[in-house]
2 protein chains.
Amino acid sequence: MAAQAETAAASPIGVFDSGLGGLTVLRRLRQHLPGEDFIYLGDSARVPYGTKSPETVRRFALEDVAFLSRFAPKVVVVACNTASAVALPELRARSAAKVVGVVRPAAEQAVRIAGAGPIGVIGTEATIASDAHRKAVAAIDGRIEVITVAAPLLVPIVEEGRPQDDPVVLSVLSDYLRPLQRCRPTVLVLGCTHYPLLARAVGKLMGPETHLLDPAEAVAEVVEQHLRQRGLLRQRRHEGALRCFSTDTAERFAGLARRFLGHEVDDVQWVGTDELTGAGREAVEA
Amino acid sequence: MAAQAETAAASPIGVFDSGLGGLTVLRRLRQHLPGEDFIYLGDSARVPYGTKSPETVRRFALEDVAFLSRFAPKVVVVACNTASAVALPELRARSAAKVVGVVRPAAEQAVRIAGAGPIGVIGTEATIASDAHRKAVAAIDGRIEVITVAAPLLVPIVEEGRPQDDPVVLSVLSDYLRPLQRCRPTVLVLGCTHYPLLARAVGKLMGPETHLLDPAEAVAEVVEQHLRQRGLLRQRRHEGALRCFSTDTAERFAGLARRFLGHEVDDVQWVGTDELTGAGREAVEA
């Protein structure tokens, strides 16, 4: 039993996203859990998920989790808001490991901060259409007003690498934030892993009364708490390892990763989408 | 021999694109060739191609062509500018059918119209990085100046469905077109199948001296000429059939197709990306 717990504690934490955005979540996880080993999968060849049908997002997310399962992770973190919003029950049903999404932790923290005040959410088309954030807040406190806005251009704007004071960035943000500026939410959930890279510009437009909530912090706390409660935390003197897999080329992934992670990544490997599909099929048949 | 020619004439024309944009090319093809049957494949589950590495675009495009090959097409039209720009030699090497891309026909028509004047090109990140349009123009006339601009936000803007006079659309277009406005090109190639849906706004910003070139017309002429020369044209009293396949759900495809095609599509079937991958593998092994 003790040996088993030790093996499980030594297992890595799996993290996946439709692309590179999830590295903003990985970054926070590594700050909270420096001794842990991480496996990151970015499905960059099929990115984005947020403009696709729930059926397609579910299929891709199941393949992503099946691929990560090969590394026998102790926890799988669904860093992608879209996949968390539309696929979490299916992912949990098919995974031996604990699966943590980003929507519920964000909703819980938003309610803690907001009190009775309204909560705003910006996210991808699929995330907002799923109404996942509204449902998660309502499950905690049905009286809180939730205002949601789909902001499909923000992911390509971040990936294009424009500075936050670029006139195009401000023009697009002003357009999306207009209904939220009118409601003056106490908290605004940045409901997509790309959005923290626009936090300064969003903050300027929303004003100091609105607290911007990057779900990464809440997710890291949930994962830490889960591991601690089960005695699965890995405490080491040296930093844990990070292995990244990308379905687009490793070079492209490594080149863009710095912006999201804050430092270089050395260990990036390409994995073909057909290999993911294979992993998905094995998982369904198993 | 005569029977064989008849069989080939009765074969459909295959068209593929990373998503729905290629329907603007299909529309023009059907106007030119009303008696022909068409098979259209939109890889909407993995759209866009234009922000991905050439290696990934080549792999996806090979799978798309392998899937279309199952219908024994007499011609395959690569409606996607990105795939035409980075994958055409590989697609030709692997296809039994004639493969027509969109870059060379556009370059030829641009040179015909431009005379000695400079030619502008807007396209996706991958299309512009490949320099395919510049090379195609240089192969015809090395003295013509070509100015190219990557415009990655235009595809998501079109897919978001904003009207052409929307302030965000104008702000983004003004930003991309600034270097082109300075050079005053005689012809501006709309080097992505989504861009014709922004033609009015682009025309207003570029002014009446710049001719906007939608490659679809030139592509339809090349395909018609090819079929006529080989006696493969199908002339019938009634309109040919159209079958569409989409890797994202058929419902989503059908819902969005109208904007690009100008009318409803009835016959849309879902095809999984794993089936495409299978088709690709068969083609490579054959």
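Excluded from the calculations below are hydrogen atoms, water molecules and symmetry mates; all remaining heavy atoms, backbone and side chain alike, are included. Proteins come first, then strands; the chains are lettered A, B, ... in the order of their sequence lines, and each starts at number 1.
- Atoms CH2 and OG, on B:Trp270 and A:Ser53 in that order, are 9.5 Å from each other to the nearest 0.5 Å.
- Of all heavy-atom pairs between B:Thr56 and A:Thr249, the closest is OG1-N, 4.2 Å.
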Residues A:Leu153, B:Ile157; criterion side chain to side chain contact (heavy atoms under 4.5 Å, CB included); working and verdict: CA-CA 7 Å; A:Leu153 292 180; B:Ile157 277 187; 3.6 Å; yes
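- How far CG of A:Asp274 is from OG1 of B:Thr273: 10.0 Å, rounded to the nearest 0.5 Å.
- The side-chain heavy atoms of A:Pro156 and B:Pro156, taken from C-beta on, include a pair separated by under 4.5 Å.
- For B:Thr247, the part lying under 4.5 angstrom from a heavy atom of chain A is the backbone only.
- With a 4.5 angstrom heavy-atom cutoff, A:Val57 does not touch chain B via any of its atoms.
- Under a 4.0 Å N-O distance rule, the pair B:Lys52/A:Glu159 does not qualify as a salt bridge.
- Neither the backbone nor the side chain of B:Tyr49 comes within contact range of chain A; no heavy atoms are under 4.5 Å apart.
- A 6.0 Å sphere centred on CZ of A:Arg259 holds more than 12 heavy atoms belonging to other residues, nucleotides or ligands.
- With chain A as partner, the option from B:Ala45, B:Ser171, B:Gly272 having the largest number of non-hydrogen pairs under 4.5 angstrom is B:Ala45.
- Judged by a 6.0 Å distance limit and a 45° cone about the ring axis, B:Arg162 is positioned over the six-membered ring of A:Tyr176.
- In this structure, the portions of B:Asp248 lying under 4.5 Å from any heavy atom of chain A include both its backbone and its side chain.
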